[in-house]
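Keep in mind the model is a prediction, meaning the values are calculated, not measured. Naming convention: chains lettered A, B, ... in sequence-line order (proteins, then strands); numbering from 1 in each chain. Side chains included, hydrogens not; waters and symmetry mates left out as well; all remaining heavy atoms used.
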Amino acid sequence: MIQLDDVHYAYDGLYPALRGVSLEIDEGESIAIMGSNGAGKTTLLKHLNGLLRPQKGHVFLDGEDTSKYSVAQLSRQIGLVWQNPDHQLFLDSVEKEIVFGLKNLGYDEEEVSDRCDRTLERLGLTHLSHRSPFSLSGGERKRVALASVLAIEPRILALDEPTIGQDARQKERLAKMLDQMNEEGRTVIVVTHDIEFVIEHFPRTLAMSEGIIVADGKTEAVLSNPTIVERCSLAVPQMTIVAQGLHQLHPEVSPRLTQVNEIESELIRLAGGI
Amino acid sequence: MSFLEVFQYTRQDSVVHRLDPRSKLVMAIVLAMISLLFMNIVPLLILLSVLLPLIGLARSLQRWAKSMSGLSVLIVFIVIFNTLLSTVANPFSYSIALSLRLIALMSSFSLFFLTVHPDELSQALIQMGVKFEFAFAMSMAMRYVPTLGQEAYAIMDAQKARGVELDRGNILKRIRNIVPIIVPLIIVSIRRALSIAESMESRGFGACENRTYLEQLKFTRHDWALVLVSVVSFCFLVYVRFYLALPPWMSWGLPF
């Protein structure tokens, strides 16, 4: 559905951020983009809805070159949620903030209030709907920013660092919501450094470094690969560290496990079962 | 906005860069005042023929040329409107002189801002008796201008992704579209100012009553010479302007 073909982009024409990125994302996929700071992750996201246009190469949405469409047209299809919520909040109530995007895209009154209520409920913001976003905590503001994009109900949802500043409970809630969006058939793309979050919720991972895609595949295969982890300055998943330890004592245990339940069943097996 | 580039410090090593900021300030003010003394084409051209080599000495002619080409739209406006609307005798000649004056004024100050590092500027202010806190606040403000610019772009991106069409619609709509940009920009700036203040205080800003400075500015012979030349030529030109009549070739203007 989304297809990038050899996309190059350099800021001011001088500082290369993407050097030949090609990838394909299918409808309904759930995919994480990881990589060191400055690897080009955010630049990649900006190419999806046309905020940046490739200097070389093409971006296709449903087989059509996105260069034909404006950002506003593309943002109906692709919702981007940014790292810093303060960059988009400017109205004096949470509700207005959510309604703003919907009105821009020309939905009628009823549809607007319908979607607004639904989104508030979904993100647990209903009790805050009349508060000013500026009086909310960082985590809450972040959810308001998310809600304001989510309300548009885009087919593709792309989030830049959504877990920063969220406590474990909110993170769980966010994950659940993303899973739910994904089950509804939406495509979810997340840029994050949170490795355990990726392992638990995203079956596919892209690893980037210095403007190119170093690895693209099943999350467990990508994140348990020491070369990729090193190259993209990622952290080795905790469960992989455990697996590596077990592997030294019991060579039959794969050193590349990533999931808690895999380790759990290995341990149970080694302990002689229950 | 590219015409503002001429007011941005460029890190370079030139005779002009090495001068003391205070003497350069005197020179810039004198040059600017001279450009305000005369309203005829010839004297302003002579002034520009002094300014240009100076900018050349500061190795910034290219940047200057770029800025001036950015300014050309404004100059065209000035010329058109003044020629059409002005009530003076030779409106076209007058508006050409006006444009030359604008260029001379900008060039005079650009000579200062192109060659004085913000840190030097605040040090100069301190040595002229301004309190450190104020000088520091000023250099911080200058330091954060580009950051603010980047922030503005990030905010525009964020709002575009919510369907704000910044470059569409009539003037009223476009003005309204500024709100979603300006409000977050102000709030982000205030938030940042607060956190910078906190982080400065936690690193002991203002802990000592009497500060000492690593680098002190020194007036060299060159600086004294520059100040002397500036002041003397200023006095001379004021005398010429107010007590002598300009020779006819100096007050030459276009006939329309």
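Options Q88(A), K103(A), Q73(A), R76(A) differ in how many heavy-atom pairs under 4.5 Å they form with chain B, and the most are formed by Q88(A). Across L89(A), V81(A), L80(A), N84(A), the residue that shares the most heavy-atom pairs under 4.5 angstrom with chain B is L89(A). Counting heavy-atom pairs under 4.5 Å between each of E165(B), R162(B), M156(B) and chain A puts R162(B) at the top. Interface check for chain A: of the options P180(B), A152(B), A161(B), the most heavy-atom pairs under 4.5 Å are formed by P180(B).
Residue-level contacts of residues 183-193 of chain B with chain A, in order of numbering, are V183(B), P184(B), I187(B), V188(B), R191(B); threshold 4.5 Å between heavy atoms.
The CZ atom of F90(A) sits 8.5 Å away from the CD1 atom of I181(B) when rounded to the nearest 0.5 Å. Expressed to the nearest 0.5 Å, how far NZ of K160(B) lies from CG of N49(A) amounts to 9.0 Å. Interatomic distance, CG of L45(A) versus CG of D157(B), reported as 11.5 Å (0.5 Å rounding).
Counting only N and O atoms by type, the side chains of Q159(B) and H87(A) include no donor and acceptor under 3.5 Å apart.
In the displayed structure, R59(B) atom CZ is contacted under 6.0 Å by at most 12 heavy atoms of other residues, nucleotides or ligands. More than 12 heavy atoms of other residues, nucleotides or ligands sit less than 6.0 Å from atom CZ of F205(B). Counted within 6.0 Å of NZ on K131(B), heavy atoms from surrounding residues, nucleotides or ligands total 12 or fewer; the atom is thus considered open. Shown here is Y11(A), whose OH atom has more than 12 heavy atoms of other residues, nucleotides or ligands within 6.0 Å. By the neighbour-count criterion of 12 heavy atoms within 6.0 Å, atom CG of L194(B) is densely surrounded, having more than that number from other residues, nucleotides or ligands. For Q62(B), the CD atom is loosely surrounded, since the number of other residues' heavy atoms within 6.0 Å does not exceed 12. Counting heavy atoms of neighbouring residues, nucleotides and ligands inside a 6.0 Å radius, atom CG of L214(B) does not exceed 12 of them. Counting heavy atoms of neighbouring residues, nucleotides and ligands inside a 6.0 Å radius, atom CZ of F7(B) exceeds 12 of them.
Residue contact with chain B, scored on non-hydrogen atoms closer than 4.5 Å, involves the backbone and the side chain of E97(A) alike. Of the atoms belonging to K46(A), it is side-chain heavy atoms, and not backbone ones, that fall under 4.5 Å from chain B. Only the side chain of L105(A) comes within less than 4.5 Å of a heavy atom of chain B; its backbone N, CA, C and O stay farther away.
Counting only residues at least two apart or in different chains, salt bridge (Lys or Arg N to Asp or Glu O under 4.0 Å) contacts with residues 21-35 of chain B comprise D20(B)-R22(B).
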